[in-house]
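Here is the structure we will look at, set down as structure tokens.
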Amino acid sequence: MSTTADPLAALGALPGVPEAVDSVRKAVDRVYGHRVMRRRSNEITAEAALRGARGSASLSGADWALEEVRRRTDFSIDAESRTVGAALRLTAEAGQLLSIWRQSPLRVLARLHLVAAGGAGVSDELVGRPRLAGEPVDEPLVELPLPGADEVAGRLEGLSQLIIAGGSAPALVTAAVVHGELMALRPFGSHNGLVARTAERIVLIGSGLDPKSVCPAEVGHGELGRAAYVAALDGYVSGTPEGMASWITHCGRAVELGARESTAVCEALQRGAA
């Protein structure tokens, strides 16, 4: 990332990023301007949460049909069901952590990992804290080089300081950097992808871009697919301006697709079909 006084704002000026920011804002505004949102926003939020959890789980190896996620009540049967259960728990938890995020993002990340891993058969000793030297990481989607524990600690502290300091960067840029940094570091022994995508959601909600959480980026990430996700993440990890811009615009497209999904839900409700 840039070494300027406001590195996130500097990323917002990369080629293609201002256009992505503008496109995301327009997509979000369209959802919020829908007549159904004025009367039934709670229903849209609930449906967006379900669909977002399904999209995030799909990128962590549990690609279930939406109706299966909706129908299932037992999420402890096997690895896939535990992944879906973790995604659902994280989505429910995200809204409860907004007030803490700007003051103590590391505390929120620890809580997210506790929520994700606590019911997934992970050893209590490994839950809710960054990994120590020599501890393995179970994150099959990402095969990037794994930073050491000392580097993880330093970069997490740097990320925390950026969030606490605030700045003028657009919400999309901050959300994309939080997401990308957590995926690059994989600070926990498991569930890093689910935690990273939930942290992205928290930034988008808390920034005021999507205060009702009706534009789930997780839906878009899932729709764009694993190959595109990993390729864009490679760009982030490269640290080049082109790579960073590619990742940010990828995240922007994911938000737009989440907005489109909720617009479709609004249309269905308006027609009485959902």
Side-chain angles (χ1 to χ4, degrees), residues 11-12 16-59 63 65-67 69-70 87-88 90-92 94-95 98 101 169-180 193-194 196-226 228-229 232-233 236 245-271 273-274:
L11 293 177
V17 173
E19 292 82 1
V21 169
D22 185 58
S23 184
V24 164
R25 168 50 68 188
K26 289 177 180 177
V28 172
D29 285 347
R30 282 193 292 272
V31 179
Y32 278 82
H34 198 285
R35 61 185 300 180
V36 170
M37 278 292 294
R38 293 194 291 271
R39 296 178 288 110
R40 304 175 70 176
S41 64
N42 288 343
E43 293 175 66
I44 307 303
T45 296
E47 188 65 19
L50 184 73
R51 296 179 184 223
R54 183 227 165 251
S56 189
S58 73
L59 287 176
D63 191 6
L66 179 63
E67 290 310 312
V69 178
R70 198 190 304 279
L88 289 167
L90 285 171
T91 300
L98 295 172
W101 176 254
L172 171 63
V173 173
T174 303
V177 168
V178 167
H179 184 171
L194 295 177
R197 291 184 287 276
T198 305
E200 179 184 44
R201 170 187 283 266
I202 289 172
V203 174
L204 294 172
I205 299 170
S207 67
L209 176 65
D210 182 21
K212 294 183 182 294
S213 191
V214 295
C215 302
E218 304 99 315
V219 167
H221 287 303
E223 186 172 334
L224 291 167
R226 291 190 186 187
Y229 185 80
L233 183 60
Y236 178 86
S246 177
W247 171 249
I248 294 167
T249 56
H250 179 86
C251 290
R253 181 59 179 152
V255 176
E256 289 184 60
L257 289 171
R260 186 183 70 178
E261 185 90 352
S262 286
T263 299
V265 173
C266 286
E267 294 292 336
L269 287 172
Q270 186 167 277
R271 294 192 304 269

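Just so you know, these numbers use all the heavy atoms, side chains as well, and skip hydrogens, waters and symmetry mates.
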Side chain [X], main chain [Y], donor-acceptor under 3.5 Å:
X	Y	result
Tyr236	Ala176	no
Ser262	Cys215	no
Ser23	Glu19	no
Ser56	Ala53	no

Q.
Parallel, tilted or perpendicular: which one describes the rings of Tyr229 and Trp247, with boundaries at 30° and 60°?
A. perpendicular
Closest approach of [X] and [Y], non-hydrogen atoms and distance?
X	Y	value
Leu59	Gly225	CD2-C, 4.1 Å
Leu224	Ala228	O-CB, 3.6 Å
Gly258	Val219	CA-CB, 4.3 Å
Ala199	Val178	CB-CG1, 3.7 Å
Leu204	Ala175	CD2-CB, 3.8 Å
Arg226	Ser58	NH2-O, 3.3 Å

Q. Thinking salt bridges, do Arg197 and Glu200 make one under a 4.0 Å N-O criterion?
A.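 Judged by the 4.0 Å cut-off on N to carboxylate O distance, Arg197 and Glu200 do not form a salt bridge.
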Nearest 0.5 angstrom please: [X] [atom1] to [Y] [atom2], how far?
X	Y	atom1	atom2	result
Glu223	Arg260	CD	CZ	4.5 Å
Arg54	Leu50	CZ	CG	10.0 Å
Gln270	Arg40	CD	CZ	10.0 Å
Arg35	Arg38	CZ	CZ	7.0 Å
Ile248	Leu11	CD1	CG	5.0 Å
Leu172	Asp210	CG	CG	12.0 Å

Are any of the side-chain heavy atoms of [X] and [Y] separated by less than 4.5 Å?
X	Y	answer
Arg51	Val265	yes
Leu269	Ile44	yes
Ile205	Trp101	no
Thr198	Thr91	no
Leu66	Glu47	yes
Leu209	Val24	yes

Q) With distance as the sole criterion, is a donor-acceptor pair present between the side chains of Ser213 and Arg201 under 3.5 Å? A) yes
Q: Take Lys26 and Glu256 through the side chain to side chain contact (heavy atoms under 4.5 Å, CB included) test and state the conclusion after the steps.
A: CA-CA 9 Å; Lys26 289 177 180 177; Glu256 289 184 60; over 6 Å; no
